[in-house]
Colleague: 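Quick one: the structure is below, questions incoming.
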Amino acid sequence: MHDQARFEYLLRLGDNCLILSQRLSEWCGHGPVLEEDIALTNVALDLLGHARFWLTCAAEVENAGRDEDQLAYLRDAGEFRNVLLVEQPNGDYAQTTARQFYFDTWHYFLLRELKNSSDSRVAEIAEKAVKEVTYHLERSSAWVIRLGDGTEESHGRMQRSIDDLWVYTGELFEPDAIDVEMRERDIGADLESLRAPWLEHVQKTLSEATLDAPSAGWMQRGGKRGVHTENLGYILAEMQFLQRAYPGAQW
Amino acid sequence: MVEGAQLSPEEIQFQERIDAGIKIEPKDYMPEGYRKTLIRQISQHAHSEIVGQLPEGNWITRAPTLKRKAIALAKVQDEAGHGLYLYSAVETLGVTREQTIEDLLAGKAKYSSIFNYPTLTWADMGAIGWLVDGSAIINQIPICRCSYGPYARAMVRICKEETFHMRQGFEIMMTLCRGTPAQKAMAQDALNRWWWPSLMMHGPSDAESTHSAQSIRWKIKLFSNDELRQKFVDQTVPQAEYLGLKIPDPDLKWNAERGHYDFGKIDWDEFYNVIKGNGPCNRERLRARIAAHEEGSWVRSAAAAHAEKRAKRKAA
Amino acid sequence: MNDWPLWEIFIRSQHGLAHKHVGSLHAPDAEMAVKNARDVYTRRNEGVSIWVVKSCDIAASSPGEKEPLFEPANSKVYRHPGFYEVPEEVKNM
Ligand SMILES: [Fe+2]
Ligand SMILES: [Fe+2]
Ligand SMILES: [Fe+2]
């Protein structure tokens, strides 16, 4: 019997990166300016790289003969463990930026904790990933400021996106039984302890961006146990199409 | 060389520098025709790179494995980089990127006709890398030695990256050809659709080409379209044989006397129609570029406005 | 307003050589020019340090001055080691 909690935990880490990368890659070729097209694709590539590390690691822990591709391409929506935030649509550049900013801030503080994981594979992947994520965070924070404190139009768009996506941030800090077990075994992070530094960075950045921080309120949740928004089904329909249409083929 | 007689002393000196293999740099004297031809050629090339992102870009989200997805992302991203290097080279000739792109969006500028064909299956990702990037390499390697410094230097960077593009495409084809019968059929179908457009990519026959002779004298073109096309055919036929794929040309055969493959007639009518806007995807491609530009407009203004505000605050 | 200024990018490669001009790009400010340069010009690990300079801030020698600027150096052949004859039996010179 494999270590189910550890397997699930690694899926969460991998699925977050995979789904967000999939979303970002929709921008490739359509960015607002060439330099941004290239920069955003770099973020997508980094996250895809992280997803592959986590999913490969998950497959090893599961030890059932599956690999990264079988996990990515042959699970249905209910088996995906990403948070709801990352599956939200790209929308306009403000929406993409807000989603990235909320996620990067959380991802950064999470990986800093995971660097000290008692699971050496987890620590190793986190150590590598946090370098790239430090850059992601700098980038998305700078864009929140630029768009918030840019023109009237960009300010309005940025504020709307910050407000719209706020409901998906609660889930990031709510530990469930798996998070608690991983924390107790010193493999995972204490999610609740990430809330304060996350909030501090978010508030500081928003205020520099002349944006209002949303106030606490009702939060959406469910991604971690496989209850997603309608978006994920469409993402998977597109992403998994070839593997589903040609079962067992090599690519 | 009938024009020789009318050349001014400056122009004669300019031609001598080119003949001596000296690079022309942005601030050097250059005849207006040279500058104009370069602007047209480099901007067409730049447009081809960014329009070229689109047909492959639409398969990134459907790539069949995570490894292929990463490769596709990196490849299409490289093409954006190529566009950027080339727009920068155009800027050294005094035309801003904004102006150059406006010409594209207004339908006034051309780009490689091949990107107006659709990518219908995953095998098209293989065929494009193998054939289209393969053609591009053949066309572009000589340009690394062209007479205009900034263009030559951009090409050196680009060519270094193109080899990866071609190889990943060939590898996709190889994997499909070794796969299931359905996959092999997919590969053959892609070759059938991309072969002729790839031959057209090298441009009209030299007899038809209006700019060739002068461009060759100026060393902004080093080989004729027909020479480059022949090179592509000679290089690609054995690769197709290796894959076990059939090139869709009944007239294709080795000519021992010439030491080259003979090949069938190209449908230039189709070529000129695609150039004119009648290809299967001309409208979609241009609309996608226009949408990106227009939807990006408020983002670009916001960043500029913010930079200005910050500069003012710093000064105050 | 919509036009971001042009920046020239200089990158120092892994091997401790001097910063070298690699190309240019557009960015609204220096901070973003550095970030974009990282994404555009170091995708293949090409560098360890980036300089960005606004293109309009670069003062360049004009091609017309080429001779007065560079001829004098051309004539000082004695600055180059190849100028000196070293007998073959003398080693480590
Ligand atoms: Fe390219
Ligand atoms: Fe190209
Ligand atoms: Fe390419």
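So that the names make sense, note that chain A is the first sequence line, chain B the second, and so on, each numbered from 1. For the numbers below, each heavy atom of this structure counts, side chains included, while hydrogens, waters and symmetry mates do not.
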Colleague: Of the backbone (N, CA, C, O) and the side chain (C-beta and beyond), which part of B:Arg310 lies under 4.5 Å from a heavy atom of chain A, both, or neither?
Modeller: neither
Colleague: Give the C-alpha distance, both sets of side-chain angles, the deciding distance and a yes or no for salt bridge (Lys or Arg N to Asp or Glu O under 4.0 Å) between B:Asp133 and B:Arg167.
Modeller: CA-CA 9 Å; B:Asp133 291 275; B:Arg167 287 194 186 166; over 6 Å; no
Colleague: With A:Ile145 as reference, evaluate A:Leu206, A:Thr205, A:Leu211 under the side chain to side chain contact (heavy atoms under 4.5 Å, CB included) test and give the passing residue.
Modeller: A:Thr205
Colleague: Scan side-chain atoms only and decide if A:Thr229 and A:Asn231 contain a donor-acceptor pair under the 3.5 Å cut-off.
Modeller: yes
Colleague: What parts of residues 35-47 of chain A touch chain B if we use heavy atoms and a cut-off under 4.5 Å?
Modeller: A:Glu35, A:Asp37, A:Ile38, A:Thr41, A:Asn42, A:Ala44, A:Leu45
Colleague: Chain B heavy atoms under 4.5 Å from A:Leu55: which part of the residue, side chain, backbone, both or neither?
Modeller: side chain
Colleague: Answer with side chain, backbone, both or neither: which region of B:Met125 has an atom nearer than 4.5 Å to a non-hydrogen atom of chain A?
Modeller: neither
Colleague: Please determine, among A:Glu153, A:Gln22, A:Arg157, A:Glu152, the option with the most heavy-atom pairs under 4.5 Å with chain B.
Modeller: A:Arg157
Colleague: Between B:Gln41 (side chain) and B:Leu38 (backbone), is there a donor-acceptor pair under 3.5 Å?
Modeller: no
Colleague: Check whether A:Glu87 reaches the backbone of A:Asn82 with its side chain - one donor and one acceptor, N or O, closer than 3.5 Å.
Modeller: no
Colleague: Would you check if there is a donor-acceptor pair between the side chains of B:Asp103 and B:Gln99 at a distance under 3.5 Å?
Modeller: no
Colleague: So is A:Arg75 actually on top of A:Phe80's ring, under 6.0 Å and inside 45° of the axis?
Modeller: yes
Colleague: I'd like to know which of A:His155, A:Arg23, A:Gln250 tops the heavy-atom pair count under 4.5 Å against chain B.
Modeller: A:Gln250
Colleague: Using non-hydrogen atoms only, which part of B:Glu295 is less than 4.5 Å away from chain A: side chain, backbone, both, or neither?
Modeller: neither
Colleague: Which of the residues B:Ala292, B:Ala307, B:Ala302 is involved in the greatest number of heavy-atom pairs with chain A at under 4.5 angstrom?
Modeller: B:Ala302
Colleague: Under a 4.5 Å heavy-atom cut-off, does chain A meet the side chain of B:Ala182, its backbone, both or neither?
Modeller: side chain
Colleague: Does the side chain of B:Trp298 pick up a donor-acceptor pair with the side chain of A:Thr151 at under 3.5 Å?
Modeller: no
Colleague: Is B:Arg178 in contact with chain A via its backbone, its side chain, both, or neither, using a 4.5 Å heavy-atom distance?
Modeller: neither
Colleague: Is the ring centre of B:His293 less than 6.0 Å from the ring centre of A:His30?
Modeller: no
Colleague: Suppose a student defines contact as a heavy atom less than 4.5 Å from any heavy atom of chain A. Which residues in residues 58-76 of chain B would they list?
Modeller: B:Trp59, B:Ile60, B:Thr61, B:Arg62, B:Ala63, B:Pro64, B:Thr65, B:Leu66, B:Lys67, B:Arg68, B:Lys69, B:Ala70, B:Leu73, B:Ala74, B:Val76
Colleague: By a 4.5 Å heavy-atom criterion (distance strictly below it), what part of B:Leu84 contacts chain A: side chain, backbone, both, or neither?
Modeller: both
Colleague: In terms of heavy-atom proximity below 4.5 Å to chain B, should A:Tyr246 be classed as side chain, backbone, both, or neither?
Modeller: side chain
Colleague: Inspect the contact between A:Asp164 and A:Arg160 and indicate whether a charged nitrogen and a carboxylate oxygen are less than 4.0 angstrom apart.
Modeller: no
Colleague: Which region of A:Trp143, side chain (C-beta onward) or backbone (N, CA, C, O), has a non-hydrogen atom less than 4.5 Å from a non-hydrogen atom of chain B, or is it both or neither?
Modeller: side chain
Colleague: Is A:Ala51 close to chain B through its backbone or its side chain, or both, or neither, when contacts mean heavy atoms under 4.5 Å?
Modeller: neither
